[in-house]
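Here the structure is laid out as structure tokens; the discussion comes afterwards.
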Amino acid sequence: MKKIAIAVCAFALSCGLLAGCSSSEPAEETTEPTTTESTEATTDEADDAADAGTVEVTETGVAMQQMAPADAEANLDNEEYVFVDLRKVADYDAGHIPGAISADQDAAVNGDYAAGVETMSAAMKDATGSENGGDKKIVLVCYSGKKYAQAGTDVLNALGANMDNVFTLEGGMKAWTGATEA
């Protein structure tokens, strides 16, 4: 129990330190995303903690890979990709990337990490059949590509997602110029 409390406190601290924040037919051509590392990865101790059911997050959180909006838009119709909107439900309802699923991470950003894990797990299971997205490439969408995206990345790491397949939409919805749906 003490480890969980420490993990939650560490996650809340990391959030406070951060600034900001599938269609039925595959596309004929796949544009592979260009990735860059935006934060440092957690240590092996955090991986061990995840295996034990808790996650200890460093001050910078789990490393995030960025995907340019043009790359994301090129893969909207690709069945290998799932777009996950991490913004508050009201903002998702007001307008989101076509086909994106909602996995509101506001609770995780505000310190309730367990609620963030529960929300993400349920959304991923509904969309992919797996709590961690299985072999899908996951594109996380938040407000600006920072705070909510980091929370979503940390949560997916805790769920055992293949982090090589997890991307953050660079610039978030602020940078998205493609179509939206309500």
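Worth knowing before you read on, the calculation uses all heavy atoms, side chains too, and leaves out hydrogens, waters and symmetry mates.
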Please give me the minimum heavy-atom distance between Pro98 and Ala179, naming the atom from each residue. CD-O, 3.1 Å
Between atom CE of Met173 and atom OG of Ser144, what is the distance when rounded to the nearest 0.5 Å? 12.5 Å
Cluster link Phe83 to Phe167, ILVMFWY, side chain under 4.5 Å: yes
Tested for side chain to side chain contact (heavy atoms under 4.5 Å, CB included) against Tyr148, the lone hit among Leu86, Thr153, Thr168 is Leu86
Provide the closest heavy-atom pair for Gln105 versus Thr119 in the form atom of the first, atom of the second, distance. NE2-CB, 4.1 Å
With heavy-atom distances below 4.5 Å as the criterion, would you say the side chains of Met67 and Tyr81 are in contact? yes
Would you say that Ile138 contacts Leu156 through its side chain, given a criterion of any heavy-atom pair below 4.5 Å between the two side chains? yes
Between Tyr92 and Tyr143, is there shared hydrophobic-cluster membership here, with clusters defined by ILVMFWY side-chain heavy atoms closer than 4.5 Å? no
Spacing of CG belonging to Leu140 relative to CD belonging to Gln66, to within rounding of 0.5 Å: 10.0 Å
Of all heavy-atom pairs linking Ala123 and Ser102, the shortest is CB-O, 3.5 Å
Asp126 vs Ile101, test: side-chain contact (heavy atoms from CB on, under 4.5 Å). Steps then yes/no. CA-CA 9 Å; Asp126 285 346; Ile101 63 169; over 6 Å; no
Without swapping roles, check the side chain of Lys136 against the backbone of Glu79 for a donor-acceptor pair under 3.5 Å. yes
Under 3.5 Å, is there a donor-acceptor pair between the side chain of Glu131 and the main chain of Leu159? no
For residues Tyr113 and Glu118, determine if any side-chain heavy atom of one lies less than 4.5 Å from a side-chain heavy atom of the other. no
His96 side chain near Arg87 side chain, heavy-atom distance below 4.5 Å: yes
For a side-chain contact (heavy atoms from CB on, under 4.5 Å) check, start with the C-alpha distance between Glu170 and Asp71, then their side-chain angles and the critical distance, and finish with the verdict. CA-CA 10 Å; Glu170 188 175 10; Asp71 291 337; over 6 Å; no
Within the 4.5 Å heavy-atom criterion, are Met124 and Val82 side-chain neighbours or not? yes
For the atom pair CG (Asn165) and CD (Gln65), what is the distance rounded to the nearest 0.5 Å? 8.5 Å
In terms of hydrophobic clustering (I, L, V, M, F, W, Y; side-chain heavy atoms under 4.5 Å; direct or indirect links), are Val117 and Val109 co-clustered? yes
Over all atoms of both residues, closest heavy-atom pair of Thr128 and Gly133: OG1-CA, 3.5 Å
Taking the side chain as every heavy atom from C-beta outward, state whether Asn75 and Glu80 have any atom pair closer than 4.5 Å. no
Flag the pair Pro69 / Thr177 as yes when at least one side-chain heavy-atom distance between them is below 4.5 Å, and no otherwise. no
Do Ile97 and Asp85 have side chains that get closer than 4.5 Å, going by heavy atoms? no
Tightest non-hydrogen contact, residues Ala108 and Ala151, listed as CB-CB, 4.3 Å
Minimum-distance pair of heavy atoms, taken over all atoms of Gly160 and Asn132: O-ND2, 3.2 Å
Regarding Asn110 and Asp106, do their side chains bring together a donor and an acceptor under 3.5 Å, going by distance alone? yes
